[in-house]
Amino acid sequence: MAKALPRNADVAAQFELLADLLEIEGEPSFRVLAYRRAAQRMRETAGSVAQLALNGRAKNLSGIGKTIEEKIVQIVDDGEIHALAKRKATIPSDVVLFMRLPGLGPKTAARIWRELGVATLEDLKAAAEAQRLRSLAGLGAKTEERILKALAAEATAQPFRPLLGEGLPRVLAVVEALREHAGADLVSEAGSVRRRKETFRDLDIIATAADPAGLVDHFTRLAWVVEVAAKGDTKATVLSQEGFRFDLRVVPPESYGNLLQHFTGSKEHNVALREAAVRRGLSVSEYGVQDVESGDVFRTRSEEELYAHLGYEYIPPELRENAGELEAARRGELPALVEVGDLRGDLHAHSTWSDGRDSLEEMVLAAQARGYAYFAVCDHSHRLRDARLEAQWEAIDALNARLAPFRILRGIEVSIRADGSLDVADETLARCEWVMASLHASFDTSPTERVLAAMENPHVDCIGHLTARKINRRPPTEVSVERVIEAAVATGTFLEINSQPDRLDLRDVHARLAGEAGVPVVVNTDAHEVAALGWMEIGIGQARRAWLTKEQILNTRPWREIERSLER
DNA sequence: GCCGTTTTCGGCCCGACTGTTTTCAGTCG
């Protein structure tokens, strides 16, 4: 059997480290930048870059050329980029960590190591305490202080980023609160949360106001603010009860569009946008678009006008990751992204019949109140053996009779066992109207083969939370998403975007790959309580980040149509 | 090291902030 290929994240990490080490060595920054961009591209590529490199096709990815492709092959063959192994032998591993400290970059890190002989974080702490760093020109007492503070914080630092599902409702509520303030004009969330990225570092808000200082003041006095970290006339940073950082920036109305675009990012999108603009004689900044020749500056209140001025159709925030959206927008070929309002049902939810917290009736009524036409109750199979399953179906029938034409589907979520078999008999599955199959245990045991086996079962309609990751808690299984997508095409099985905030599984790039392969994606909440039905919002955000249209999302279709496609 | 709606060579986003400086390099987003 062929040896397993390295994962994209691991390949990217080697290039990232190589970039760091080269930078410490003082290599030309553009070469370093090229490695960093390539690493970023790899992380956002859904298919295996190692496989692409072996086929000589990795250089089709933008930012990856012949040299980097060869280095990827080195990783496959020898486990490590040759140039990386060489540098690791000469530069102490901790020196790279110096660069991670705020205010320290590669230049300073290199000088601390070379000129003071400081090679570990421990040595660095000692040198700062002994006030030896200030012997270097350009470093002073402030720098030593900052390093010591950062090293102390490092020890207690939380490595994880908070979840979109936690931050989004909070930031939207704050946006609403600011809009209600008499002095506020335009207010919007910005940054990664506006792009609906799965996690965030801080929550950004952009606003215009007749009286900026008044709005900033109002912001810092909102009831939930526990600490004001910074406050000026036009911006402030505050901390909330949950420990989230909120940044408010009040900007001039005439360039609101420019600023909102700038502060929405992503950084990579903005860099690519500006590079393309430079080639056309335009200099883009948050303050406006300057025609280099004439000196004219274009400012606008509207992002739509800004993109139009630069020659693009409007690019929705979820697509702004420099993943092909600029080229597509230039040609006017962006997809019309799916919206929450397009959904007609939720095809994966639980009730007190298994581990849910709200009753079947409560869940169903809440789903109906959301405007859905159908709802699949998919309680866990191991909690619903034979007689109980029959009893649940009776309860479903009674509700259906009462609520028609609203339709409750007899669903089930079966577990894929370690040997790839399902934990419910085929005869029972045959009587269900909607079958989800998911990995719930033994994640390290041949996940790909087990999922493929489940898909071969004609009763299985959809694979739930494919990689079984829990953001910040459990890494994704090593399931081959590409092979699963191939099998989904072959067997007519659907794939889920699970909207639980810590799952969001499929992740964006994988869902995009599924869409490109023609696999209909089902956006489900996997709700275990009524309130969780609202997670659809972030699941749809994930679908939009995957470039998916209404047509590519199964549960935008009427149930009758879905039912027909199940009779394959 | 990558890349091309003038380029296969000669460029490579833009501005703010900070600390330690008398004019700026380094860092950050």
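Chain identifiers are assigned alphabetically (A, B, ...) following the order of the sequence lines, protein sequences preceding nucleic acid strands; residue numbering begins at 1 within each chain.
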Start at the 5' end of DNA chain B and walk down; is the nucleotide closest to A:N270 or to A:R100 reached first? A:N270
Between A:R146 and A:R330, which has a closest nucleotide on DNA chain B that is more 5'?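 Residue closer to the 5' terminus by nearest nucleotide: A:R330.
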How would you label the glycosidic angle of B:dT6: syn (within 90° of 0) or anti?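 Anti for B:dT6; the angle lies over 90° from 0.
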Nearest-Å distance once atom [atom1] is located in both [N] and [M]:
{"N": "B:dG11", "M": "B:dC17", "atom1": "P", "value": "31 Å"}
{"N": "B:dT20", "M": "B:dT27", "atom1": "P", "value": "13 Å"}
{"N": "B:dG15", "M": "B:dC9", "atom1": "C1'", "value": "29 Å"}
{"N": "B:dC12", "M": "B:dT6", "atom1": "P", "value": "16 Å"}
{"N": "B:dT21", "M": "B:dG26", "atom1": "C1'", "value": "13 Å"}
{"N": "B:dT8", "M": "B:dC3", "atom1": "C1'", "value": "9 Å"}

Report the nucleotide, chosen from [options], that has the shortest atom-to-atom distance to any side-chain atom of [X].
{"X": "A:T143", "options": "B:dT20, B:dG1, B:dG26", "answer": "B:dT20"}
{"X": "A:K107", "options": "B:dG1, B:dG19, B:dT27", "answer": "B:dT27"}
{"X": "A:R201", "options": "B:dG29, B:dG1, B:dC3", "answer": "B:dG29"}
{"X": "A:P106", "options": "B:dT27, B:dG1, B:dT18", "answer": "B:dT27"}

Establish, with yes or no, whether the OP1 or OP2 oxygen of B:dT27 is under 4.0 angstrom from a side-chain nitrogen or oxygen of A:T108. yes
Can you name the one residue among A:R194, A:E189, A:R195 that meets side chain to side chain donor-acceptor pair (under 3.5 Å) with A:T264?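 Testing each of A:R194, A:E189, A:R195 against A:T264, the sole residue satisfying side chain to side chain donor-acceptor pair (under 3.5 Å) is A:R194.
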Identify each atom pair where a protein N or O and an N or O of nucleotides 14-16 of chain B are less than 3.5 Å apart, giving names and distance.
from: B:dC14; atom 1: OP1; to: A:S283; atom 2: OG; distance (Å): 3.0
from: B:dC14; atom 1: O4'; to: A:R274; atom 2: NH1; distance (Å): 3.1

Calculate the interatomic distance between [X] atom [atom1] and [N] atom [atom2]; express it in whole Å.
{"X": "A:D20", "N": "B:dT27", "atom1": "CG", "atom2": "C1'", "value": "14 Å"}
{"X": "A:Y35", "N": "B:dC2", "atom1": "OH", "atom2": "P", "value": "7 Å"}
{"X": "A:K142", "N": "B:dT27", "atom1": "NZ", "atom2": "C1'", "value": "16 Å"}
{"X": "A:L33", "N": "B:dG10", "atom1": "CG", "atom2": "C1'", "value": "16 Å"}
{"X": "A:Q74", "N": "B:dG1", "atom1": "CD", "atom2": "P", "value": "11 Å"}
{"X": "A:E145", "N": "B:dT18", "atom1": "CD", "atom2": "C1'", "value": "14 Å"}
{"X": "A:K59", "N": "B:dC2", "atom1": "NZ", "atom2": "C1'", "value": "14 Å"}
{"X": "A:L136", "N": "B:dA25", "atom1": "CG", "atom2": "P", "value": "18 Å"}

Which is true for [X] with a 4.0 Å heavy-atom rule: it touches a base, it touches only sugar-phosphate, or it touches nothing?
{"X": "A:L101", "answer": "sugar-phosphate"}
{"X": "A:R280", "answer": "nothing"}
{"X": "A:S62", "answer": "sugar-phosphate"}
{"X": "A:L273", "answer": "nothing"}
{"X": "A:A109", "answer": "nothing"}
{"X": "A:I64", "answer": "sugar-phosphate"}

Ring-plane angle category for A:Y307 and A:Y312, please: parallel below 30°, perpendicular beyond 60°, tilted otherwise. perpendicular
Kindly assign one of parallel, tilted or perpendicular to the pair A:F15 and A:Y35, based on the angle between their ring planes and the thresholds 30° and 60°. tilted
What is the distance from atom CG of A:D211 to atom CG of A:D233, rounded to the nearest 0.5 Å?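 That separation rounds to 9.5 Å.
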Is it the case that [X] and [Y] place a side-chain donor and acceptor less than 3.5 Å from each other?
{"X": "A:R43", "Y": "A:Q40", "result": "yes"}
{"X": "A:T237", "Y": "A:D247", "result": "yes"}
{"X": "A:T120", "Y": "A:D94", "result": "no"}

Show, in sequence, the C-alpha distance, side-chain angles and deciding distance for A:K149 and A:E145, and conclude whether the salt bridge (charged side-chain N to carboxylate O under 4.0 Å, His left out) test is met. CA-CA 6 Å; A:K149 195 174 163 202; A:E145 217 171 278; over 6 Å; no
If you measure from the ring centre of A:F30 to the centre of the six-membered ring in the base of B:dC2, is it under 5.5 Å, with the planes under 30° apart?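 Stacking is absent between B:dC2 and A:F30, given that the ring centres and planes do not meet under 5.5 Å and under 30°.
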Is there side-chain contact between A:M42 and A:I72, with at least one heavy-atom pair below 4.5 Å? yes
Pairing partner of B:dT8, by Watson-Crick or G-U wobble and under 3.5 Å for both distances, is none
